[in-house]
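Notes to accompany the following structure.
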Amino acid sequence: MTNKEERKRILTGIRPTGALHLGHYAGALENWLRLQDEYECFFLIADYQVSDKADDIDSVREAVHEIALDWLAVGLDPERSHFAIESLIPEHAELTLWLSWWLPLGMLQRNPTLKAEMAALESKSVPVAFFTYPVMQVANILMPKAHLVPVGEDQLPHIEMTREVARRFNRMFGEVFPEPEGLVGRVPRLVGTDGNAKMGKSLDNAIQLKDDAETVTKKVKSMYTDPTRLRATDPGHVEGNPVFMYHDAFNPNAEEVQDLKDRYVVGKVGDVEVKEKLATVLNNLLDPIRERRAHFESKPKLVRDALAAGTGHAKKVAEETMREVRAALKLNYLD
Ligand code: TRP
């Protein structure tokens, strides 16, 4: 393995809105796990990004701990990677502000992800912090000078913005920041159990990493399948069928999946069997995660220590970067 100092860096983040689900796993966590050896990783709990939870900070606090627990449960290793809480590193807020000096409003207005999210808020009033969250995200990524940002597909416009901001900054003030690349997971967007385009806790269509086996089996049994198929003997559709999408995403036995598909399209297998097999696959995947989660749940001090150590390290790195940024911007008025 390469020396720690030589490793390139990853920064990626998540909003503390609740425990993690299978969509996070296939879309992101799986990549993070794999990349821990190769990169020095900063995993950020982005609590500056939850203006939608402003009146429910207790839920944010709970989510911070739930997420750390989920990270430990899937096998992210706080010895190698840094679990950091964003607002305990206020340098993120400071860098956001300096960067916003050179970030044209139009760049935010054109950002397709932000545009879609604003549209989804419809008539609700939009806090300024919501409109500027992509700038904060740019600051998050630039802070440890990350080279790689493994994220969900919807986050790519923010990475493009980061590259643009880094280029501008370097051009004006000298080479400070690398231009980071985005990396989308194996399953960029997992459909919900209800067939909704996206799995989300608030949509009530998620299988959580902490769900017990019985809950997972129940959720799989009630999953949407092919609405045109009334009897097991009817020929069914595999495409666009959430149950098969999950088999494709999670079943390591490609032969079994192919056999189920072959029989499904000719009406030789019932939804029950396809779902039973899926429940088994998911529970096999989740069993070791549940075991580790139970271990850390019984030792909350380990979770807290992981967050404290990671945040402490990330804060030091942030202070270093900010010293450089301040010097580049000639802000040291009293020196
Ligand atoms: N906005 C991201 C999301 O909702 C979370 C996030 C915050 C993030 N800061 C980041 C992702 C920095 C990548 C890099 O998923």
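A quick note: this is a predicted structure, and the numbers were derived from the prediction, not measured. Every number for a ligand or one of its atoms is a count from 1 in the order of the listing.
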Where's the contact between [X] and ligand 1, heavy-atom distance under 4.0 Å: side chain, backbone, both or neither?
| X | result |
| --- | --- |
| Met136 | neither |
| Gln155 | side chain |
| Ile141 | side chain |

Check: Trp32 ring centroid to Tyr39 ring centroid under 6.0 Å: no
Centroid separation His237 to Phe244 less than 6.0 Å: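 Centroid distance His237-Phe244: not below 6.0 Å, so no.
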Report, in ascending order of atom number, the atoms of ligand 1 lying under 4.0 Å from any heavy atom of [X].
| X | value |
| --- | --- |
| Val149 | 13 (C), 14 (C) |
| Leu11 | 12 (C), 14 (C) |
| Arg15 | 4 (O) |

Residue pair Asp70, Arg292: steps toward the salt bridge (Lys or Arg N to Asp or Glu O under 4.0 Å) verdict: CA-CA 9 Å; Asp70 278 333; Arg292 275 192 301 264; over 6 Å; no
Pair Lys301 + Asp305: basic N to acidic O under 4.0 Å: yes
Just need the protein heavy atom nearest to [atom], so name the residue and atom and give the distance.
| atom | value |
| --- | --- |
| atom 5 (C) of ligand 1 | Gly13 O, 3.5 Å |
| atom 7 (C) of ligand 1 | Gln49 NE2, 3.2 Å |
| atom 9 (N) of ligand 1 | Asn140 OD1, 2.9 Å |

Distance-only N or O hit between ligand 1 and His158, under 3.5 Å: no
Ligand 1 to Gln137 polar contact by distance, N or O atoms, under 3.5 Å: yes
Reference residue Arg326; test side chain to side chain contact (heavy atoms under 4.5 Å, CB included); the match among Asp335, Thr321, Asn332: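 Testing Arg326 for a side chain to side chain contact (heavy atoms under 4.5 Å, CB included) against Asp335, Thr321, Asn332 leaves exactly one candidate, Asn332.
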Intermediate values then yes/no, side-chain hydrogen bond (donor to acceptor under 3.5 Å, both in side chains), Ser87 and Asp47: CA-CA 6 Å; Ser87 71; Asp47 66 321; 2.5 Å; yes
Working for salt bridge (Lys or Arg N to Asp or Glu O under 4.0 Å), residues Lys210 and Glu297: CA-CA 11 Å; Lys210 66 172 184 178; Glu297 233 165 1; over 6 Å; no
Cationic tip of Arg229 above Tyr264 ring, under 6.0 Å, 45° of axis: yes
Nearest candidate to atom 13 (C) of ligand 1, where distance is taken over non-hydrogen atoms, out of Val151, Leu44, Ile14, Asp47: Val151
